Protein chains: 2
Amino acid sequence: MSGMNRRRITSKELAKLAGVSSATISRAFSPDSRIGSATRDRILAVAREHGYQPNAIARSLNNQRSRLVALVVNAIGNPCEAEEQQLLVHRLQARQLLPIILCCADHSDRLQLMRLASTYQVDHVVVFSDMVSMQDAVDIFHTTKPIIVSFEPLESENVSSIRIDGSKAADEIIEKIVRDGKKRFAYLSGTNSSWIDKLRRKWFADALAKRGLSFEAQAFGDYSYDSGFKEAVLLLHRDKVDAIICGNDVMAIGARDAARRVLGRNTPDDIAIVGQDGIAMAAWDCNDLTTLSLDHTAFIDAVVELIERHDAEIEGPHSITLTCTPRWGSTA
Amino acid sequence: MSGMNRRRITSKELAKLAGVSSATISRAFSPDSRIGSATRDRILAVAREHGYQPNAIARSLNNQRSRLVALVVNAIGNPCEAEEQQLLVHRLQARQLLPIILCCADHSDRLQLMRLASTYQVDHVVVFSDMVSMQDAVDIFHTTKPIIVSFEPLESENVSSIRIDGSKAADEIIEKIVRDGKKRFAYLSGTNSSWIDKLRRKWFADALAKRGLSFEAQAFGDYSYDSGFKEAVLLLHRDKVDAIICGNDVMAIGARDAARRVLGRNTPDDIAIVGQDGIAMAAWDCNDLTTLSLDHTAFIDAVVELIERHDAEIEGPHSITLTCTPRWGSTA
DNA sequence: ATGCATTTTGTACACGATTACACAAATGGC
DNA sequence: GCCATTTGTGTAATCGTGTACAAAATGCAT
């Protein structure tokens with residue numbers, strides 16, 4: 001058992017050792033199948049002795065179920081996604097499902113990678129990335145109904161999706177900032193082309209419009225601390241804004257630092273800064289960020305819910321909508 | 001091609017459509033195999049038309065190579081590991097290897113999960129977690145030589161490992177702090193039982209001993225910001241230390257905040273705080289942490305190097321040692 | 001002991017690819 | 001024109017399991 005047995009023992013070999021047929025071996029490892037309990041115990045004992053475990057690859061081929069799940073994500077390190085990834089991975093593993101992470105720097109590679117994963121007959125696909133269009137996902141995984149975490153307003157027979165609505169939370173946040181006397185708002189985007197970014201911006205833009213205001217300036221970063229820092233310097237210095245809504249929490253922290261270190265402005269008196277995502281780090285004492293936050297647990301619950309519906313083969317399009325809430329800190 | 005074709009087409013069916021045998025289909029998809037180039041082109045065209053892709057599960061069963069790699073990690077969100085995970089995933093995918101993430105809250109589940117992954121005939125195993133002993137890894141993956149990122153001083157025929165040596169960097173950091181006049185040192189551990197933690201502490205303890213000093217106090221956290229914050233309050237208030245060496249960067253940030261907010265002490269004048277890992281966040285303007293840092297790229301290069309050695313079936317134990325360097329910030 | 005229902009086990013094929021082997025056709029050198 | 005070699009393709013076995021069907025063994029009532 002210990003040490004290095006290069007070759008793995010097969011069910012046929014184990015069958016010989018236990019004096020039964022390989023079919024009986026298989027039955028011993030299938031929870032509810034017709035087999036004498038004495039035989040099963042004997043087989044399991046011999047199996048343990050020789051370190052036998054059924055080969056999941058062969059089983060998948062036969063079953064037409066791999067118990068693999070493809071997770072398409074933008075990045076692993078990004079804290080906002082990471083918290084959700086972590087939760088989802090735990091939930092999957094509790095169901096004996098193994099996650100394959102697909103994560104790529106550039107876009108054409110990403111599609112290539114998705115094609116590769118699709119050849120592994122994954123049972124489910126969860127797309128967290130706004131870099132992947134619904135159509136691409138459906139085309140590539142044409143036998144596996146993908147679950148899309150999406151802001152796209154597209155309903156399709158072949159996709160289940162989770163929508164996120166932050167309009168009410170954005171309204172509450174803008175209400176507070178306006179009441180505090182801020183007048184010149186800027187939006188700091190994470191990207192210049194994603195659906196997610198456009199929709200998030202719209203939540204806040206609508207809230208401003210309701211009060212006869214609009215964004216005086218807009219900048220584009222890349223969701224990183226450094227880009228938040230750099231763009232905020234420009235927005236404050238050149239555009240003289242006194243409130244910055246950021247595309248995510250990490251950029252908001254960068255912006256807050258820029259205001260404080262480069263221009264000597266403090267939140268929330270001189271300037272208001274708002275993040276989005278509600279990552280754990282935003283609540284750290286040193287950050288204490290006001291942020292439009294999503295309940296990560298509810299979010300992952302929704303993903304798991306959709307996976308279970310797929311497993312139960314319930315037909316038809318499925319869509320779940322979640323709403324965000326403000327998390328109040330000392331930056332706005 | 002577009003839309004939802006429930007069933008995936010097989011090589012045998014494609015063979016009929018293209019008027020060849022299934023063996024020829026297989027050859028069309030194997031880069032260097034004897035096949036007429038006209039036939040190959042025709043097959044690839046028909047394949048594209050019908051959305052055919054060879055089934056990787058079936059191929060793996062035949063090949064005895066799955067191109068799957070198991071990554072055993074403590075957590076996904078943890079920024080220190082996340083940066084390395086991200087790098088490794090990219091490097092694997094560039095080699096057409098798919099990573100399966102194994103990540104578990106509690107320890108017995110973790111072993112169970114590793115057993116599950118081993119049934120998928122993974123080609124390689126990379127263990128990043130100090131919660132898994134070498135022996136466990138070797139026992140569970142007895143056909144796949146694991147690659148361990150380890151601080152354990154164990155050499156084994158069945159394991160390749162990467163060692164990390166921070167003794168010289170720790171010495172330089174202690175030198176500077178002592179020169180700055182600090183006298184009472186504390187070590188804030190991430191766990192109370194891991195090899196990694198013990199070894200890291202030893203690097204600093206040795207550097208202190210060399211100068212006739214030792215740790216006046218020791219505390220145990222859990223690598224989180226909150227635990228860093230909480231334990232630092234105790235260390236500063238109860239034990240009156242003026243230098244805290246932390247088990248990782250995140251706890252160091254927590255400790256710095258505690259010093260500043262709760263006790264009004266500032267770095268580096270009142271107190272010195274040192275992190276470990278060298279995560280990107282440590283270099284953010286708001287943190288500017290002094291930390292014992294590892295070159296993440298070199299680290300992942302080493303992992304990939306070991307994977308390639310396994311692929312090339314070079315025998316014998318392999319071990320690569322990396323050394324850390326200090327990254328100087330304004331906290332020490 | 002016999003007949004029938006029920007449980008247990010074995011045999012044989014399927015899952016979807018790869019590949020050793022055999023064989024036909026094409027090529028080339030003399 | 002003949003033989004040796006190369007090239008292209010098909011046939012059939014293989015990878016390790018699950019399962020339909022058949023066969024055997026068991027239990028129970030007569």
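All figures in this text were calculated on a predicted structure; none of them were measured in a lab. Letters A, B, ... mirror the listed sequences (proteins, then strands); counts begin at 1.
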Find out whether Arg67(A) and Asp123(A) are in side-chain contact, i.e. whether some heavy atom of one side chain is under 4.5 Å from a heavy atom of the other.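 Arg67(A) reaches Asp123(A) side chain to side chain.
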
ask   = Looking at Leu87(B), Leu294(B), Leu88(B), which one forms a side chain to side chain contact (heavy atoms under 4.5 Å, CB included) with Phe299(B)?
value =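 Option passing the side chain to side chain contact (heavy atoms under 4.5 Å, CB included) with Phe299(B): Leu294(B).
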
Check: Is there a donor N/O on one and an acceptor N/O on the other, under 3.5 Å, for the side chain of Asn63(B) and the base of dT18(C)?
Finding: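 Check fails, no donor-acceptor contact within cut-off.
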
Gln85(A) side-chain N/O to Ala75(A) backbone N/O, donor-acceptor pair under 3.5 Å: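 Yes: the side chain of Gln85(A) pairs with the backbone of Ala75(A).
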
**Prompt:** Quick check: does any side chain N or O of Gln53(B) sit under 3.5 Å from a backbone N or O of Leu116(A), one acting as donor and the other as acceptor?
**Reply:**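 No.
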
(message) On a heavy-atom basis, which atom in Ile76(B) and which in Ala82(B) lie closest, and how many Å separate them?
(response)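 Shortest heavy-atom separation between Ile76(B) and Ala82(B) comes out as O-CB, 3.6 Å.
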
Measure [atom1]/[X] against [atom2]/[N] and give the value in whole Å, please.
{"X": "Lys16(B)", "N": "dG16(C)", "atom1": "NZ", "atom2": "P", "value": "14 Å"}
{"X": "Lys12(A)", "N": "dA12(C)", "atom1": "NZ", "atom2": "P", "value": "11 Å"}
{"X": "Ile43(B)", "N": "dA17(C)", "atom1": "CD1", "atom2": "C1'", "value": "14 Å"}
{"X": "Arg8(A)", "N": "dT17(D)", "atom1": "CZ", "atom2": "C1'", "value": "14 Å"}
{"X": "Arg59(A)", "N": "dT17(D)", "atom1": "CZ", "atom2": "P", "value": "9 Å"}
{"X": "Arg65(B)", "N": "dT14(D)", "atom1": "CZ", "atom2": "C1'", "value": "19 Å"}
{"X": "Glu13(B)", "N": "dG16(C)", "atom1": "CD", "atom2": "C1'", "value": "10 Å"}
{"X": "Gln121(A)", "N": "dA17(C)", "atom1": "CD", "atom2": "C1'", "value": "11 Å"}

Exercise for review: Mind running side-chain contact (heavy atoms from CB on, under 4.5 Å) on Gln121(A) and Arg8(B) for me, showing each step along the way?
Suggested key: CA-CA 9 Å; Gln121(A) 321 295 100; Arg8(B) 204 174 278 268; 3.6 Å; yes

### Query
In Å and rounded to the nearest 0.5 Å, what is the CD1 to OG distance from Ile35(A) to Ser26(A)?
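Interatomic distance, Ile35(A) CD1 to Ser26(A) OG, rounded to 0.5 Å: 9.0 Å.
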
Q. Do Tyr52(B) and Phe29(B) have ring centres separated by under 6.0 Å?
A.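 Under 6.0 Å, so yes.
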
From the list dT17(D), dT9(C), dG16(C), which nucleotide is the closest neighbour of the side chain of Asn55(B)?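 Side chain of Asn55(B) sits closest to dG16(C).
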
Item to check | Residue Gln64(B), side-chain heavy atoms: nucleotide from dC15(D), dC15(C), dG10(C) that is nearest | outcome: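 Nearest to the side-chain atoms of Gln64(B), counting from C-beta on, is dC15(D).
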
What contact category does Ser21(A) fall into here, base, sugar-phosphate, or nothing, at under 4.0 angstrom with non-hydrogen atoms?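 The residue Ser21(A) makes base contact.
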
### Query
With sequence neighbours left out, what residues match Leu111(B) under side chain to side chain contact (heavy atoms under 4.5 Å, CB included)?
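Scan of Leu111(B) (side chain to side chain contact (heavy atoms under 4.5 Å, CB included), adjacent residues dropped) gives His107(B), Met114(B), Arg115(B), Asp136(B), Ile140(B).
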
* Asked: Taking the nucleotide of DNA chain D with the closest heavy atom to each, which residue, Leu61(A) or Arg40(B), is nearer the 5' end?
  ->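 That would be Arg40(B).
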
- Through what angle, rounded to 10 degrees, does the axis of the helix from dA1(C)-dT30(D) to dC30(C)-dG1(D) turn between its ends, using five pairs per end?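 Taking the rotation axis at each end, their angle is 40°.
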
- Query: Between dA17(C) and Tyr52(B), is there an OP1 or OP2 to side-chain N/O distance shorter than 4.0 Å?
  - Reply: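 Result: yes.
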
**Prompt:** Which residues, if any, of residues 22-35 of chain A bring a heavy atom under 4.0 Å of DNA chain C?
**Reply:**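 Within this stretch, Ala23(A), Thr24(A), Arg27(A), Arg34(A), Ile35(A) sit under 4.0 Å of the strand.
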
